[in-house]
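Notes to accompany the following structure.
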Amino acid sequence: FQAEDGIRDCLLSRGLGDVYKRQQLAKLKSTYTDALQEHINKNTGRVHTSYLISGTNTGRLSSSDPNLQNIPIRSDEGRKIREAFVAETGNKLLSLDYSQIELRILAEIADIYELKAAFRNGVDIHALTASEMFDVPLEGMDPSVRRQAKAINFGVIYGISGFGLARNLRIPRAKAQAFIDRYFERFPGIKTYMEKTKEFAKENGYVETLFGRRINTPNINAKGPNAGFAWRAAINAPIQGTAADIIRRAMIRMPEVIKDLPAKMLLQVHDELIFEVSEDYIDKTITVIKSVMEQACEPVVKLTIPLIVDAGVGHSWAEAH
């Protein structure tokens with residue numbers, strides 16, 4: 001994605017926006033519009049993916065043949081691909097998505113009082129971060145300021161550099177680095193978590209999720225260009241790994257709770273579950289599924305902040321998400 005951003009910026013800076021757009025449309029056509037039709041099952045008339053439980057180091061499921069976890073959503077043209085995924089007549093597609101789950105897990109693991117309090121009180125976490133970093137009031141906040149804080153919030157989870165943040169926000173590198181430095185000043189517990197996690201990984205060769213599942217970090221002591229990637233992966237692994245543990249626990253419980261409902265679980269895309277449900281049972285199904293997803297940690301892990309699940313409904317996947 002970052003490389004793709006670089007190509008786009010290069011072409012746009014040279015007045016070649018039309019070239020970039022044609023390239024993107026050609027990629028969408030070959031990768032999705034054409035390829036997905038070849039995966040339609042002749043017996044069911046549907047596209048069926050395969051999941052691999054050990055396909056990623058963090059424990060997230062990976063999808064292949066075709067990869068339905070990679071259907072575009074970042075662009076208007078890409079989102080149109082999702083319009084092709086539709087429910088049968090009389091049914092709707094139901095999307096249930098964990099809200100900011102990785103930020104919630106970070107706040108829990110790193111024990112960041114301000115973030116935990118915000119999540120418990122239903123405060124807009126990106127607006128709170130913007131207020132803390134830029135000394136601006138929560139009320140009447142400029143949306144562009146909130147967007148900057150959002151980029152930093154999510155970037156920090158993946159160990160983003162000043163260079164990477166500068167590219168994402170299209171601002172000078174020095175300014176981006178200043179944002180990151182100020183972020184750690186405002187939330188020192190996050191920096192402490194990162195350093196402790198890195199040291200633990202170096203000493204033990206693994207890190208752990210909140211459920212105690214170990215994720216190996218074989219390259220944590222690497223030198224040279226790969227060193228930065230290895231420690232960023234180690235820092236993110238307990239967060240992303242815990243999110244993976246949570247949604248898989250929810251999925252395991254799902255067949256039992258929806259067995260008496262006209263509903264079928266179709267797809268898992270990272271922090272999102274997709275169902276096909278009879279139109280007459282939408283509200284009841286949402287209530288049941290949200291309860292399972294929001295309590296998926298229990299009884300093994302007791303979080304001090306709530307998990308929140310957002311629901312969307314539509315005839316197509318694009319409408320539901």
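Computation of the quantities below employed the complete heavy-atom set of this structure, encompassing side-chain atoms and omitting hydrogens, waters and symmetry-equivalent molecules. Residue numbers run from 1 in the order of the sequence given.
- A salt bridge links R214 with E208: at least one charged nitrogen is closer than 4.0 Å to a carboxylate oxygen.
- Here the shortest heavy-atom pairing between N219 and A230 reads O-CB, 3.1 Å.
- Looking at heavy atoms from C-beta onward, V277 lies out of side-chain contact with N91 at the 4.5 angstrom threshold.
- The minimum heavy-atom distance between T242 and L210, with the atom names listed, is OG1-N, 3.0 Å.
- Heavy-atom contacts from other residues, nucleotides or ligands closer than 6.0 Å to CG of L138 number more than 12.
- The residues R147 and D142 are annotated as not salt-bridged, no charged nitrogen and carboxylate oxygen being separated by less than 4.0 angstrom.
- Salt-bridge annotation for R60 and D271: present, with a side-chain N of the basic residue lying under 4.0 Å from a carboxylate O of the acidic one.
- Side-chain contact between V257 and I289: absent, with no pair of heavy atoms (C-beta onward) separated by less than 4.5 Å.
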Give every donor-acceptor pair under 3.5 Å between a side-chain atom in residues 314-321 and any protein atom, sequence neighbours left out.
{"from": "S316", "atom 1": "OG", "to": "A318", "atom 2": "N", "distance (Å)": "3.4"}
{"from": "S316", "atom 1": "OG", "to": "E319", "atom 2": "N", "distance (Å)": "3.2"}
{"from": "W317", "atom 1": "NE1", "to": "E272", "atom 2": "OE2", "distance (Å)": "3.4"}
{"from": "E319", "atom 1": "OE1", "to": "H315", "atom 2": "N", "distance (Å)": "2.8"}
{"from": "H321", "atom 1": "ND1", "to": "E272", "atom 2": "OE1", "distance (Å)": "3.4"}
{"from": "H321", "atom 1": "ND1", "to": "E272", "atom 2": "OE2", "distance (Å)": "2.9"}

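- With a 4.5 Å cut-off on side-chain heavy atoms, I190 and F184 count as touching.
- The number of heavy atoms from other shown groups lying within 6.0 Å of CZ (R186) is above 12.
- Here Y98 pairs with nothing under the ring-ring contact (aromatic ring centres under 6.0 Å, His included) rule; sequence neighbours left out.
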May I have the list of side-chain donor-acceptor pairs in residues 113-120 shorter than 3.5 Å, sequence neighbours left out?
{"from": "K116", "atom 1": "NZ", "to": "D111", "atom 2": "OD1", "distance (Å)": "2.7"}
{"from": "K116", "atom 1": "NZ", "to": "T304", "atom 2": "OG1", "distance (Å)": "3.3"}
{"from": "R120", "atom 1": "NH1", "to": "T304", "atom 2": "O", "distance (Å)": "3.2"}

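- Residues passing the side-chain hydrogen bond (donor to acceptor under 3.5 Å, both in side chains) test with K259 are E256, sequence neighbours excluded.
- When only modelled atom types and interatomic distance are considered, S63 and T49 share a side-chain donor-acceptor pair under 3.5 Å.
- Minimum interatomic distance between R182 and F134 (heavy atoms only, all atoms of both residues): NE-N, 4.3 Å.
- F211 pairs by the ring-ring contact (aromatic ring centres under 6.0 Å, His included) definition with nothing, not counting sequence neighbours.
- For E108 (side chain) and A110 (main-chain N/O), no donor-acceptor pair under 3.5 Å exists by modelled atom type.
- Both L96 and V269 are assigned to one and the same hydrophobic cluster, defined by single-linkage of ILVMFWY side chains at heavy-atom distances under 4.5 Å.
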Step by step, would you call L93 with L266 a side chain to side chain contact (heavy atoms under 4.5 Å, CB included)? CA-CA 9 Å; L93 293 184; L266 300 181; 3.9 Å; yes

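- Checked by atom type and distance alone, the side chain of N216 never pairs as donor or acceptor with a backbone atom of P218 at under 3.5 Å.
- No more than 12 heavy atoms of other residues, nucleotides or ligands lie within 6.0 Å of OH in Y281, so this atom counts as exposed by the packing criterion.
- No side-chain heavy atom of C297 sits less than 4.5 Å from a side-chain heavy atom of R249.
- Salt-bridge check for D124 with K150: failed, with every basic side-chain N at 4.0 Å or more from each acidic carboxylate O.
- When the side chains of ILVMFWY residues are joined at heavy-atom separations under 4.5 Å, either directly or via intervening members, F200 and I220 end up in two distinct hydrophobic clusters.
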Could you walk me through whether D65 and S50 satisfy the side chain to side chain donor-acceptor pair (under 3.5 Å) test, starting with their C-alpha distance in whole Å, then the side-chain angles of each, then the deciding distance to 0.1 Å, before giving a yes or no? CA-CA 6 Å; D65 300 321; S50 296; 5.3 Å; no

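- Of all heavy-atom pairs spanning T129 and F187, the tightest one is CG2-CE1, 4.2 Å.
- The neighbour count for F163 CZ, taken as heavy atoms of other residues, nucleotides or ligands under 6.0 Å away, does not exceed 12.
- The cluster map of Ile, Leu, Val, Met, Phe, Trp and Tyr, joined by side-chain heavy atoms under 4.5 Å apart, puts M293 and I308 in different clusters.
- Under the 4.5 Å side-chain heavy-atom criterion for ILVMFWY residues, no single connected hydrophobic cluster contains both I235 and Y206.
- Within the 3.5 Å criterion, the main-chain N or O of G205 finds a donor-acceptor partner in the side chain of T217.
- The six-membered or imidazole ring of F179 lies away from that of Y183, with a centre-to-centre distance of 6.0 Å or more.
- Judged by distance alone, with hydrogens and angles left aside, the side-chain atoms of R213 form a donor-acceptor pair with the main-chain N or O of G241 at under 3.5 Å.
- A donor and an acceptor atom, one from each side chain of D245 and T209, are located under 3.5 Å apart.
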Would you mind writing out the side-chain donor-acceptor pairs for residues 35-43 within the sub-3.5 Å range, not counting sequence neighbours?
{"from": "Q37", "atom 1": "NE2", "to": "T33", "atom 2": "O", "distance (Å)": "2.8"}
{"from": "N41", "atom 1": "OD1", "to": "N43", "atom 2": "N", "distance (Å)": "2.7"}
{"from": "N41", "atom 1": "OD1", "to": "T44", "atom 2": "N", "distance (Å)": "3.1"}

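- Considering only heavy atoms from C-beta on, S99 comes within 4.5 Å of R104 through its side chain.
- The side-chain heavy atoms of D280 and K92, taken from C-beta on, include no pair separated by under 4.5 Å.
- In this structure, G162 and I180 approach most closely via the heavy-atom pair N-CD1, 3.7 Å.
- Note on R46 versus E276: salt bridge recorded, some NZ/NE/NH1/NH2 to OD/OE distance being below 4.0 Å.
- The side-chain heavy atoms of L307 and Q295, taken from C-beta on, include no pair separated by under 4.5 Å.
- I252 is not connected to V292 by any chain of hydrophobic side-chain contacts under 4.5 Å among Ile, Leu, Val, Met, Phe, Trp and Tyr, and they are in different clusters.
- Residues I125 and Q100 come closest through the heavy atom pair CG2-OE1, 3.2 Å.
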